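Worth saying up front: this structure is predicted, and the values here are computed from it rather than measured.
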Amino acid sequence: HLDYNKIEFIPDDIGKLINLNRLDLSQNRIKKIPKTIKYLTNLKKLHLDNNKIKIIPIEIGNLLNLKILYLSYNDII
């Protein structure tokens, strides 16, 4: 849980956390999801709601175990 921390970006190194199964980055200031997110193949829950995200990278489709994805209240176009 890293929600409500005024985080502005997700580092590319996030892709190294291959055993991560839940990530909550909601209520921050994130504008972009790095393409390296595709390496989080064990991820089941991803909370990115209430940020400033505009584009969802196609690589998010590689998260075959993802069951829950929260993206509400962003600037998605």
Side-chain angles (χ1 to χ4, degrees):
H1 287 274
L2 293 169
D3 52 336
Y4 294 95
N5 277 293
K6 300 179 184 177
I7 296 170
E8 295 186 7
F9 69 95
I10 303 170
D12 288 336
D13 286 346
I14 192 84
K16 294 179 181 177
L17 302 175
I18 58 172
N19 292 316
L20 193 65
N21 61 39
R22 183 176 181 175
L23 180 59
D24 188 344
L25 289 166
S26 57
Q27 301 287 340
N28 281 293
R29 299 176 183 168
I30 298 166
K31 295 179 182 176
K32 182 180 174 186
I33 302 169
K35 293 181 179 188
T36 56
I37 196 129
K38 68 182 176 185
Y39 299 117
L40 302 181
T41 55
N42 289 309
L43 201 60
K44 294 178 182 172
K45 296 179 183 179
L46 179 57
H47 300 256
L48 290 168
D49 48 310
N50 291 292
N51 276 286
K52 298 176 185 278
I53 298 167
K54 292 184 179 185
I55 298 172
I56 306 304
I58 196 165
E59 288 80 6
I60 214 157
N62 289 39
L63 304 177
L64 300 179
N65 289 309
L66 193 65
K67 303 292 183 208
I68 297 173
L69 174 62
Y70 291 107
L71 288 168
S72 59
Y73 300 102
N74 275 286
D75 298 330
I76 299 170
I77 50 175

Student: Under 3.5 Å, side chain of N51 to main-chain N/O of D49, donor-acceptor pair present?
Tutor: yes

Student: Quick one: closest heavy-atom pair of L2 and N28, and the distance?
Tutor: O-ND2, 3.0 Å

Student: Between P34 and I14, what is the shortest heavy-atom contact and its length?
Tutor: CG-CG2, 3.9 Å

Student: Report yes if the side chains of I55 and I33 come closer than 4.5 Å at any heavy-atom pair, otherwise no.
Tutor: no

Student: Given the rule in the side chain to side chain contact (heavy atoms under 4.5 Å, CB included) test, do I76 and L71 qualify, once you have shown the distances and angles that lead to the verdict?
Tutor: CA-CA 9 Å; I76 299 170; L71 288 168; 4.1 Å; yes

Student: Can you tell me how far the NZ atom of K67 sits from the NZ atom of K44, to the nearest 0.5 Å?
Tutor: 8.5 Å

Student: Find the distance between CD1 (I30) and CG (N50) and round it off to the nearest 0.5 Å.
Tutor: 11.0 Å

Student: Nearest 0.5 angstrom please: L63 CG to K38 NZ, how far?
Tutor: 11.0 Å

Student: Is it the case that atom CG in L17 sees more than 12 heavy atoms from other parts of the structure closer than 6.0 Å?
Tutor: yes

Student: Go through the structure and list residues passing salt bridge (Lys or Arg N to Asp or Glu O under 4.0 Å) with K16, not counting sequence neighbours.
Tutor: D13

Student: With a 4.5 Å limit on heavy-atom distance, are the side chains of L46 and I68 in contact?
Tutor: no

Student: Can I get a per-line list of side-chain donor-acceptor pairs under 3.5 Å for residues 19-27, giving both atom names and the distance, sequence neighbours left out?
Tutor:
{"residue": "D24", "atom": "OD1", "partner": "S26", "partner atom": "N", "Å": "3.0"}
{"residue": "D24", "atom": "OD1", "partner": "S26", "partner atom": "OG", "Å": "2.6"}
{"residue": "D24", "atom": "OD2", "partner": "H1", "partner atom": "ND1", "Å": "3.3"}

Student: Evaluate the side chain to side chain contact (heavy atoms under 4.5 Å, CB included) criterion for residues I18 and L40: first the C-alpha distance (whole Å), next the side-chain angles of each, then the deciding distance (0.1 Å), finally the verdict.
Tutor: CA-CA 5 Å; I18 58 172; L40 302 181; 5.5 Å; no

Student: Find the distance between CG (L69) and CG (L48) and round it off to the nearest 0.5 Å.
Tutor: 7.0 Å

Student: Mind jotting down which residue pairs meet the ring-ring contact (aromatic ring centres under 6.0 Å, His included) criterion with at least one end in residues 4-56? Sequence neighbours excluded, please.
Tutor: H47-Y70

